[in-house]
Every structure is written in structure tokens, then in C-alpha cells.
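We name chains A, B, ... by the order of the sequence lines, and we start the count at 1 in each one. Being a predicted model, the structure only gives us computed values, none of them experimental.
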Amino acid sequence: MLEKTYQPAEIEPRINEEWNKADAFRCGRADRKDAAAYSIVIPPPNVTGSLHMGHALNNTLQDVLVRFERMRGKDVLWQPGMDHAGIATQMVVERQLMERQQPSRRELGREEFVRRVWDWKEQSGGMIVNQLKRLGASCDWSRERFTMDEGLSRAVVKVFVELYRKGLIYKDKRLVNWDPKFQTAISDLEVVQVEKKGSFAWVDGDPEKPFDGDALAKVLKKDPSGHMYHFRYPLAEKVAGYDKDYIIVATTRPETMLGDTGVAVHPEDERYEALIKAGAKVRLPLVGREIPIVADTYSDPEKGTGAVKITPAHDFNDFEVGKRHNLEKINVLDAFGKLTDDVPEAYRGLDRFEARKRVVADLAALGLLAKIEPTTHTVPHGDRSNDIIEPWLTDQWYVNAGELAKPAIAAVETGKTQFVPKNWEKTYFEWMRNIQPWCISRQLWWGHQIPAWYGPDGHVFVGPDEADAKAQAAKHYGKDEALTRDEDVLDTWFSSALWPFSTLGWPDETAELKRYYPTSVLVTGFDIIFFWVARMMMMGEHFMKEVPFHDIYIHALVRDEKGQKMSKSKGNVIDPLQLIDKYGADALRFTLAAMAAQGRDIKLAPQRVEGYRNFATKLWNAARFGEMNECVRQFDFDPHAVKHTLNRWIVGETERAANAVTSGLEAYKFNEAAGAIYEFVWGVYCDWYLELIKPILAGDDEEAIVETRACTAWVLDQCLKLLHPFMPFITEELWAHMVEHGERRLTLLCLSEWPRLSGLSSAEADEEIGWVVKLVSDVRSVRTEMNIPAGAKIPLVITGASEATIARARRHDETIRRLARLDGIAFAEAAPKGAALIVIGEATVALPLDGVIDMSAERKRLQKEIEKAEGDRNKAATWLANEANVAKSPEHVVELNRERVAEAGDRIQRLTAALKRIEG
RNA sequence: GGGCACUUAGCUCAGCGGUAGAGCACUACCUUGACAUGGUAGGGGUCAGAGGUUCGAUCCCUCUAGUGCCCA
């Protein structure tokens, strides 16, 4: 016998163990070798990561799909694994070394440090894998991959070498986003823009308020950003037609002025026309360098003074301006963000923010500081380091993303790959069509070291291994030369981009690659379209000549119940594992699936999870009811052959539910599918069917009992199946518990067959049970309104009923009496005096409660009913009175309104009669 | 500044050209033989505002207001 309540914590580990023992999730099962393949690669979580709500949603949806297709008989591969997360992992290990007061990374040296990282990975990395298992993720865990695995690394090298040979990977000196904390380049996507606003204001010219450098230093100590500084740059020579001897420029980063090599004004800005004509120059304060004033449309005449300082080595826009005007690029920062030797001696070696204060103070002392104003501007920060990112001029490796993007764009244009919901393709196109060269080198030690070697003169040789590079070098130099390998590693996303095929064994031509590539669908969040989707599409198209996935399902972000993005700093993070502990993985999964409507974020309230836990309990108890009543599925049970109306009705309802769930899942409408099974299990099976069959089970019609027991068991089986993708644990448990034909099940639920039902619905049964349901509901309603004690049994008299209705009432006599708490059903010509009356169809049902009911309450109730019916009739009648409506509407709509008028009129008539009887 | 969404019951959200739905919360009653993590009944909405298209608009279009996100 089942326990009285469902305890997820007890069954979940056990069920996981059973799946594991049965190898239930392995792809390529022998019995499915002729089946269609269905594959999903997991968006690899990062090896340092732990399960957060976004993962929970992402993996729940994947698991729902995968379990659904597995039950539909497909050969399913859900490929799990993790990426090595270059910066994040290196950071974790470095921090650990520091905390343990062990030698630092540099002291250990590269080889030893990398060994330590592997140690860390073995011991504490990959926590998330076990967390995914707790969620119920039915990945083929035997195939787990890691981006640093031997095979995947081989794929990385092959891709690098091939792209290099095709000229699609190259080395270039450009500005990169430099992270001074980690001393590495990072990609645009790893940069977060943080809005800053300062508080210090000062204007030159007020003798009462001299410049206070200490006060500014204090403000900047808290936050170095948030101010606009206006400097006067003196002209090298006075220019005729220009009335001042200086030009004012503004900047939020004063220290970069030491690297200024130009000042730009708009070519059509009349204020500066004379300066441009004269080819004027300014003398850069503090430095003394003469730099040109150039005309460039980059400067905005509306903004500030319309003149901007140009620092080509430290600003992306300035870099472009500098290129157009051949301006010198002077690097004033080193890898740590300290000032280089290319600045005046006083500033050399200073930290960038120290230099900021000094430069401002020194300019103020020279009378060249015009003003400081607080301003709101965005400042780039490293998403891992949280340090302020500097655009920095370095040699890096780049992928020609623009070229690789072309087929990837075409694949979506032609529909080879489809976004669901479709509107995300706009975001994809927008980004792909404006894609920048992808900087793939990182100045880290943890990752795939770039397969490039340099000769003594710096000539580069790229090859699959050192021997190959040496051979190339020997040929190039005409003799053997010592080579040194490029120290840098590749961006983690470079290896992740290969994930859909590298995990299947590429570059080897494996059977898995053939069978499971392209994958069926990628499930991911919109925030990852650029990271994942775009890069996998590019690499897939290039190396496999085929898209990596047919569909891309983009799901929402999980927010807190107020709609705020969850973040540690806000303290509003909901930990999925805590929810699992409290309510069970099934409840969490169902919640996420039920709320995953396309195109909308999920605002998660824990109460919602509790509600679905209750749903699980409900199912549990329905099963318990079946068990107590010996509802056992029979070998020969055929839902098409059931005779009893109730059973004919429920098998039809089951078919409708199965169709709704199936079509919901096929269309990635997880919420609709979840809603359909929820409503069926609770609202139909539990609320009505199980209640309606109680009198039968308690009765003495043996044939009906046998059929009903078998039918109850069969419907429950269908519920378990339909619910399994959403709630795998409880359904698997109940499946095992609810024996079949008196014996234990032969298959696990997760490997059983998905319901494919048809031809089960019966209009006649639907109508009959619909009538019973309506009668019971209406009687209950009246009882409550008349304040009849819930326990009291009352009589019921049906009048004016047709033969068919009388027969119906007789057939369901027991049921109606029980559910409506009646002590008998009688038939009469006219309703007895002092009765409450209900109009159902052609009949009027009387509850003779003379002396029990409050007649004034009954009068009120009837009047209310009449009013409602009148409202309905008037609405429909008014609609019909409009000739245009009747003339132009489809026939069925006109008919519908005619029926409404007739039906409402009928009701009014009989309700009025009932009212009269009371009054008379 | 460019783009994408959103605004429906107290809250969180579905829906969608033909008389508005769910869950939670709320109210009343019920320890009835699966379930109080439950049952029964009930209250609660000019579907953000203004125009337009249509026989008919919560739904389609335009504008306005507000909110959120992405990219500059």
C-alpha cells in the first residue's frame, strides 16, 4: 500500500538509481537501432558552476523534450558535458592558492599550475553534474564530455590549423578589451557595461572656489568614474579667424590625454573652420607634444564644445579616427594598467587611476582645467574580474567571423535552422550581420594552447603539433631552428563552438556523428544567442557543411517574483536545490515548464512550486485510491471496447488530453502541454471520474466493477505517461508501484510507449456525463446558497423531464445521490410546494425544502438567475437585431446567438414560473 | 539613439477576431471511506488610455503613457 503522503526526498534518489542501473538513458539502444534519432547537446555548463534557476529551467525543458521523444520510440541522445571556462577556472584555482598561502601561479610555473587546475577539476569541479542528476536530467551520462578532453582538444587543433590555412584565422594588432586584473584579452561579450554617475562639480573662474584636488581624490577613491573633465588645449600658434588661443576638449578618462595624438572637430563646424583651414596644431599640456587638429565626422558638434581629444591606442572610436588621419598610436598603459615609459617621467609607473587624479590636478595648476561635471556614462567591466576594462593595443589571434557568418546567416534565412519563437532570428541577424573579428587568444594558462610556433625571427608556423611546425621551419629556413610556442590559449567559446560535433567524436568519422548530427534542437536562453548559437552555427556550417541544429528554442529568463533579475548582490537568488529539497524535483520542474510560455520571462514565486507539489500529492492519492479499489490494468483491456457510459466518457477525455499534451510538446508550448495534463489529472480524472465511479465500485454490478477497475487503472497509466516528461520521479515510482495484470511491470516508465489514442471519444457519453456533472454542480450550488448543512441529505424531484432524461437520471441514480448528497430522486408532473428550483435543459429540478429553506433567500436566488438569463438574452438579441451582424457574420455565429436567445428565453420562462410558485 | 517585448482578477500569469480563464491569495461551509499538501460553493476584471479597421476588437493597425530587456 502506498504511503498516505508523497515524500519526494525518499523516492527521488532511489528512482535515479534505477534509471542508472537500467542504463535507461543510453543512446543507441539495440531495440531502437531502426528508430529515428533525436539528439540534443546540452549547452555545456561551466566546470566551476553550480545549478542556478536558469540551468534548472534550461535543463528541465530539454529533459521534457528528450523524455517525450524517448517515449515516442526514438533513439535519443542527450549529450552532457561541461566547458573548461578559462578565466573562471583559472581564477578559482589562483584564489585557492592564495587562500592556502601556497606559491602563486607564476611561482609554480605553467606546467605545475595547469596540473593543479586538473587536480582541482577532479576534486571539486563539475558539481553541477550531480545537481543536474538531482533535477532528473536524463542525459546519456556515459557519454559525458569536457572541452579539455583529448578528443575535443584534437578537434580544436584541427579547426585552428584549417582555419589558419584558409586565412580565416590570422594575427593582428588591434585594440582589444584588456582586463588589467587578469592581464588577458576578453571578448566583447565578456564585457558588461556599468552605468556610473559621479558627484564632483567644479568650474574654473570662481575665485571663491579654487580647485580642491584632495576633495576630488576622495571622490575618485570611492569610484574613479562618473565625471566629465574639460581641458583647455593651447594652440601651438594663434590662428587668424579663431578668436581664442586654446580649444576645449572633454573626457571621462583624463589619464589617456598623455597618449593623445590629435584633436578632432566636425568638418562642418563653423566654429573651427579657421583652425582646419590653417592646419592648426595644439601643444599637448604636460607632454609638450604638438598634435594636429583634424576634421572628422566622428566628433559631434552638439556635444560639449564639439572638439574631442583622440587617443588611438586607448579608445575604439579614436582608433578608427586615428587610422583615417594617420595619427600616431601611443600606448600609455601596460598590462597591469600602470603608465608606461612613453609618458612624462612624473607619471611613469603610476596606476591608471592615480594618474587620473594627478593629471587633473596638474592641469588645474596650469590653469588648463576648465570644468569638472558629474556625468552618467557607462564604464566597461570584466564580467569575471569586475575590473574596469581598458581598450589596449596588442597582438592577438582573430577569426574572420564576418566570412564564417555568411553561411550561418543563410541557414536561418532559408529555414534550415529555425528559431522558436521566430522573433529571435532578428536578434541573430542583427548581430551576425554586424559581426566583428573574433579575438580568440587569451593570455591565460588554462585552456587549449594555440598551435603556433615562432622561429628566431618571429616567423610563425601553425601546425597540428610541434614536429609539423619544425618541419615547416626547416623548409622555411633551410635548416633546423629552435622554435618557441605561442604562450596564449584559445577562448573557451572557441572549443564550445565545436561542441555539437566534437562531442560526437569529430574529427573522427564516428557512427555517432553520422547518426546524431545535426542535432534536433538547441535549447537555450536568449542571453546566450551570441555566445552559443552564433558560434556553433558558424563552425557547424564550415566544418560539417551542415547546421548544428534544426530548431533553436529560446526560453525566457527566470526572475524573482517581482520581476527582478536574480543576482547575488540583490540577494534575491532562489536556489533551485533548496526548492528541490523542500518540494521535490518534480514540483520544480512542473512549475518551470508550466510557466515557460514563449516570449515571456518567468517570474518565479516559491508558492507556485508549492502548488505543483500539491498536484503531485493529488496524483499520488489518486493512485492510492486505485490501489485500494483493486484497480489493476488487465491484459485484454481495450479502451475502445468499454461499455459503461462513464468509462466511455473518460477514455474520450483521455484521448483529448493526450492530444493536447502531444501537440503542445511538438510545438514547444510547454505551458500548454503542462496545463493540459494538470487539468486532466486534477480537474477531470480526480474531481469527476474517481468521484463518479465510487458508487459503481461500491455497488453490486460485477461486470461494471470489473470494467471500471480496469479502466481506472488504464487511465492512470495514461496520466503517468503523459506526465512523465514533466514529473519523472513520482510517475516512475507510481508506475512501478501500480502493478500490471497483478504483476510487476516489465519496463520502466521512461522507456514505455507514449499514448497514441484515437477514436475513443463519444458524443453521447460526453453529453450524458455532462448532464450529470451539471446537475450535481447546480444542486451543490443551491445547497450552499440555501445554507443547507453540508451533511444533510435532501430529496430531489425532477419535473418536466423527457424520457431520455429520466433514463439518464435512473442510470446515474446512485452517483447523483452520492455526489449531491441526496436521499432520493423522484419524478413528478409538477414541483412540490416550497421547493428550490433548478432549470437544467428541458427539465426543472426541485429540491423540496418546505420549512427548511428561507423562501426569501430562494426568491432572491431565482431573481438573480433570471436577471442573468435576461442579460444573456438581451445581449444576443441586440446582436441579432443588427442587420449587419446577421448579414455579414458567418452562419455558425448567427446560429449561436439564435440559440442563446432561445435558450435564455426558455430559462427565463421556467425560472419565472418557479418564482411565481413561491410567491403564490 | 536603434531594436525587441510587455501592460488582462489582490498577486503571478495563460488566452485571443465571436458573451473573459488558471494557480495562488480571499470568504463561507465541510475531519464524507484516495487526498486538509484536501473537498464544496462563492466574491473579484470598462483586458493601460485614445483613435482606427471590422458586422463584431481584450485580440489586428496607429498614437499616447508606463515597464522591462538587448545593442550603440
Side-chain angles (χ1 to χ4, degrees), chain A residues 1-2 4-8 188 193 300 316-317 378 421 423-424 426-427 429-431 434 526-527 529-530 556-557 559-565 583-584 587 591 594-629 631 669 671-672 674-675 678-679 682-683 686-687 690-691 694 697-698 712 776-791 793 818-821 868 871-876 878-880 882-890 892-894 896-897 900 904:
Chain A
M1 177 68 83
L2 286 167
K4 197 171 170 189
T5 52
Y6 150 65
Q7 304 290 347
D188 291 351
Q193 300 294 340
D300 180 355
F316 289 98
N317 289 312
T378 57
N423 54 317
W424 286 110
K426 272 196 178 171
T427 307
F429 285 139
E430 179 67 20
W431 195 72
N434 296 300
F526 65 83
D527 48 337
I529 289 179
F530 308 137
L557 221 61
R559 299 168 180 282
D560 75 1
E561 53 196 308
K562 290 184 206 109
Q564 302 267 331
K565 208 166 167 170
Y583 301 113
T591 307
M595 296 184 81
Q598 288 183 7
R600 191 153 183 160
D601 283 347
I602 295 178
K603 289 185 205 160
L604 187 71
Q607 242 181 356
R608 197 75 192 246
V609 185
E610 186 182 346
Y612 289 121
R613 188 274 316 267
N614 296 350
F615 173 58
T617 305
K618 189 75 184 175
L619 175 75
W620 183 267
N621 281 293
R624 192 158 172 267
F625 171 83
E627 190 182 29
M628 292 171 83
N629 287 281
C631 298
K669 296 193 170 171
N671 60 319
E672 287 183 12
Y678 180 94
E679 169 56 23
W682 201 325
C686 291
D687 282 353
L690 294 186
E691 293 302 327
K694 280 177 183 173
L697 296 179
T712 303
V776 169
S777 303
D778 282 0
V779 172
R780 283 168 170 173
S781 224
V782 171
R783 289 179 61 116
T784 306
E785 273 177 85
M786 295 296 103
N787 290 320
I788 293 161
K793 296 207 167 179
R818 179 173 177 137
L819 297 193
R821 309 224 116 227
K868 205 175 140 222
D872 286 352
R873 185 183 60 178
N874 291 345
K875 223 176 197 174
T878 311
W879 189 90
L880 284 168
N882 186 338
E883 276 177 39
N885 280 342
V886 179
K888 297 197 178 179
S889 299
H892 74 270
V893 175
V894 178
L896 184 70
N897 279 289
R900 276 178 189 150

Peer 1: I want to check one thing: is the phosphate of B:G2, taken as OP1 and OP2, less than 4.0 Å away from some side-chain N or O of A:Trp431?
Peer 2: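 Answer is no, no contact under 4.0 Å.
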Peer 1: Hunt down the Watson-Crick or G-U wobble partner of B:G45, both distances under 3.5 Å, from any strand shown, or write none.
Peer 2: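 None - no nucleotide pairs with B:G45, as no candidate has both distances under 3.5 Å.
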Peer 1: Strictly distance-based, threshold 3.5 Å: is any side-chain N or O of A:Arg780 a donor or acceptor partner for the main-chain N or O of A:Arg821?
Peer 2: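 Side chain of A:Arg780 to backbone of A:Arg821: no pair is present.
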Peer 1: Can you check the A:Glu672 CD to B:G15 C1' distance for me, whole Å?
Peer 2: 9 Å
Peer 1: Reckon A:Thr617 touches a base, only the sugar-phosphate, or nothing at all at heavy-atom distances under 4.0 Å?
Peer 2: base
Peer 1: State the pairing partner of B:G10; accept Watson-Crick or G-U wobble contacts with both distances under 3.5 Å, and report none otherwise.
Peer 2: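 Answer to the pairing question: B:C24, which forms a Watson-Crick or G-U pair with B:G10.
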Peer 1: Taking B:U7 as the reference, what is the distance to B:A48 when you measure between their C1' atoms (whole Å, please)?
Peer 2: 6 Å
Peer 1: Of the listed nucleotides (B:U37, B:A34, B:A41), which one gets closest to any side-chain atom of A:Ser777?
Peer 2: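 Closest nucleotide among those given: B:A41.
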Peer 1: In Watson-Crick or G-U wobble terms, both distances under 3.5 Å, what is the partner of B:A5?
Peer 2: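 Per the H-bond distance test, B:U67.
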Peer 1: B:U19, OP1 or OP2 - any side-chain N/O from A:Arg900 closer than 4.0 Å?
Peer 2: yes
Peer 1: Can A:Tyr583 and A:Tyr612 be said to form a ring pair (Phe, Tyr, Trp, His ring centres under 6.0 Å), step by step?
Peer 2: CA-CA 9 Å; A:Tyr583 301 113; A:Tyr612 289 121; over 10 Å; no
Peer 1: What interatomic distance, in whole Å, is found between C1' of B:C63 and the corresponding atom of B:C70?
Peer 2: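 Their C1' atoms lie roughly 25 Å apart.
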Peer 1: Side chain of A:Ala790 only, please: which of B:G38, B:G18, B:C29 is the nearest?
Peer 2: B:C29
Peer 1: Looking only at atom C1', what distance separates B:C24 and B:U19, rounded to whole Å?
Peer 2: 27 Å
Peer 1: Consider the side chain of A:Arg613, meaning its heavy atoms from C-beta on, and name the nucleotide among B:C55, B:A34, B:U37 that approaches it most closely.
Peer 2: B:U37
Peer 1: Please report the distance, rounded to the nearest Å, between NZ in A:Lys669 and C1' in B:C13.
Peer 2: 16 Å
Peer 1: Could you give the distance from CZ (A:Arg624) to OH (A:Tyr6), rounded to the nearest 0.5 Å?
Peer 2: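 Between A:Arg624 CZ and A:Tyr6 OH, I get 16.0 Å after rounding to 0.5 Å.
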Peer 1: Taking the side chain from A:Asn885 and the backbone from A:Trp879, do they hold a donor-acceptor pair closer than 3.5 Å?
Peer 2: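 The answer is yes, because a donor-acceptor pair under 3.5 Å joins these two groups.
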Peer 1: Nearest to the side chain of A:Ala622 - B:A34, B:U32, B:G23?
Peer 2: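 Shortest atom-to-atom distance from the side chain points to B:A34.
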Peer 1: Whole angstrom is fine here: how far is it from CD in A:Glu691 over to C1' in B:U32?
Peer 2: 10 Å
Peer 1: When rounded to the nearest Å, what value does the distance between C1' atoms of B:G39 and B:G51 take?
Peer 2: 49 Å
Peer 1: To the nearest Å, give me how far apart NZ (A:Lys888) and P (B:G17) are.
Peer 2: 21 Å
Peer 1: Rounded to the nearest 0.5 Å, how far does OG1 of A:Thr617 lie from CD of A:Gln7?
Peer 2: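 Interatomic distance, A:Gln7 CD to A:Thr617 OG1, rounded to 0.5 Å: 8.5 Å.
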Peer 1: Looking at every strand, decide which applies to A:Asp872 at a 4.0 Å heavy-atom threshold: base, sugar-phosphate, or nothing.
Peer 2: base
Peer 1: Among B:A34, B:A36, B:C55, which nucleotide has an atom closest to any side-chain atom of A:Ser889?
Peer 2: B:C55
Peer 1: Okay, side chain of A:Arg783, backbone of A:Ala790: is any donor-acceptor separation there less than 3.5 Å?
Peer 2: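 Yes, A:Arg783 side chain to A:Ala790 backbone: donor-acceptor pair under 3.5 Å.
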Peer 1: Given B:G18, is OP1 or OP2 found less than 4.0 Å from the side-chain N or O atoms of A:Lys875?
Peer 2: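 For B:G18, neither OP1 nor OP2 has a side-chain N or O of A:Lys875 closer than 4.0 Å.
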Peer 1: Give a yes/no on whether any side-chain N or O of A:Lys694 is located under 4.0 angstrom from OP1 or OP2 of B:A34.
Peer 2: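 True: A:Lys694 side-chain N/O within range (under 4.0 Å) of B:A34 OP1/OP2.
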Peer 1: Starting at the 5' end of RNA chain B and moving along, which residue's nearest nucleotide shows up first, A:Thr378 or A:His892?
Peer 2: A:His892
Peer 1: Could you give the distance separating B:U67 and B:U31 at their C1' atoms, to the nearest angstrom?
Peer 2: 47 Å
Peer 1: Do side-chain atoms of A:Asn882 reach the backbone of A:Thr878 as a donor and acceptor pair under 3.5 angstrom?
Peer 2: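 Not at all, since once roles are kept as given, no pair shorter than 3.5 Å links the two residues.
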Peer 1: More than 12 non-hydrogen atoms from neighbouring residues, nucleotides or ligands closer than 6.0 Å to CD on A:Glu430, yes or no?
Peer 2: no
Peer 1: When the P atoms of B:G43 and B:G10 are compared, how many Å lie between them, rounded to an integer?
Peer 2: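 It works out to 15 Å between them.
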Peer 1: In whole Å, what is the span from the CZ atom of A:Arg780 to the C1' atom of B:U32?
Peer 2: 12 Å
Peer 1: What is the pairing partner of B:U19, taking Watson-Crick or G-U wobble pairs with both distances under 3.5 Å in any strand?
Peer 2: none
Peer 1: Under 4.0 Å, counting only non-hydrogen atoms across every strand here, what does A:Tyr612 touch: a base, just sugar-phosphate, or nothing?
Peer 2: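 The residue A:Tyr612 makes no contact with any strand.
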Peer 1: Between B:C29 and A:Asn787, is there an OP1 or OP2 to side-chain N/O distance shorter than 4.0 Å?
Peer 2: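 Checking A:Asn787 against B:C29: no side-chain N or O falls below 4.0 Å of OP1 or OP2.
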Peer 1: Quickly work out the A:Arg783 CZ to B:G39 P distance and round it to whole Å.
Peer 2: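 After rounding, the reported distance stands at 18 Å.
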Peer 1: Which of these nucleotides, B:C55, B:A14, B:C35, is closest to any side-chain atom of A:Arg624?
Peer 2: B:C35
Peer 1: OP1, OP2 of B:C4 versus side-chain N and O of A:Lys426: anything below 4.0 Å?
Peer 2: yes
Peer 1: Would you please confirm or rule out a distance under 4.0 Å between OP1 or OP2 of B:G42 and any side-chain N or O of A:Ser781?
Peer 2: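 So the side chain of A:Ser781 is within the cut-off, an N or O lying under 4.0 Å from OP1 or OP2 of B:G42.
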Peer 1: For B:C55 versus B:G68, give the span between their C1' atoms, rounded off to a whole number of Å.
Peer 2: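 Straight-line distance between the two C1' atoms is 38 Å.
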Peer 1: Could you check whether any side-chain N or O of A:Asn629 sits under 3.5 Å from a backbone N or O of A:Cys631, counting only pairs where one atom can act as donor and the other as acceptor?
Peer 2: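 Side chain of A:Asn629 to backbone of A:Cys631, a donor-acceptor pair under 3.5 Å: no, none is there.
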Peer 1: Under 4.0 Å, heavy atoms only, any strand: does A:Lys4 hit a base, just the sugar-phosphate, or nothing?
Peer 2: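 Sugar-phosphate, backbone atoms only, no base.
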Peer 1: How many Å lie between CD on A:Gln607 and P on B:G23, as a whole number?
Peer 2: 14 Å
Peer 1: If I take atom CZ in residue A:Phe625 and atom C1' in nucleotide B:A34, what distance separates them, rounded to the nearest angstrom?
Peer 2: 7 Å
Peer 1: Please report the distance separating the P of B:U37 from the corresponding atom of B:G45, rounded so that it comes out in whole Å.
Peer 2: 31 Å
Peer 1: Which nucleotide in the set B:A34, B:G23, B:C55 lies at the smallest distance from any side-chain heavy atom of A:Tyr678?
Peer 2: B:G23
Peer 1: What contact category does A:Ala887 fall into here, base, sugar-phosphate, or nothing, at under 4.0 angstrom with non-hydrogen atoms?
Peer 2: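 Answer is nothing: A:Ala887 stays at 4.0 Å or more from every strand.
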Peer 1: Between A:Glu679 and A:Arg608, just flag the one whose closest nucleotide in RNA chain B comes earlier from the 5' side.
Peer 2: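 Its nearest nucleotide being more 5', the pick is A:Arg608.
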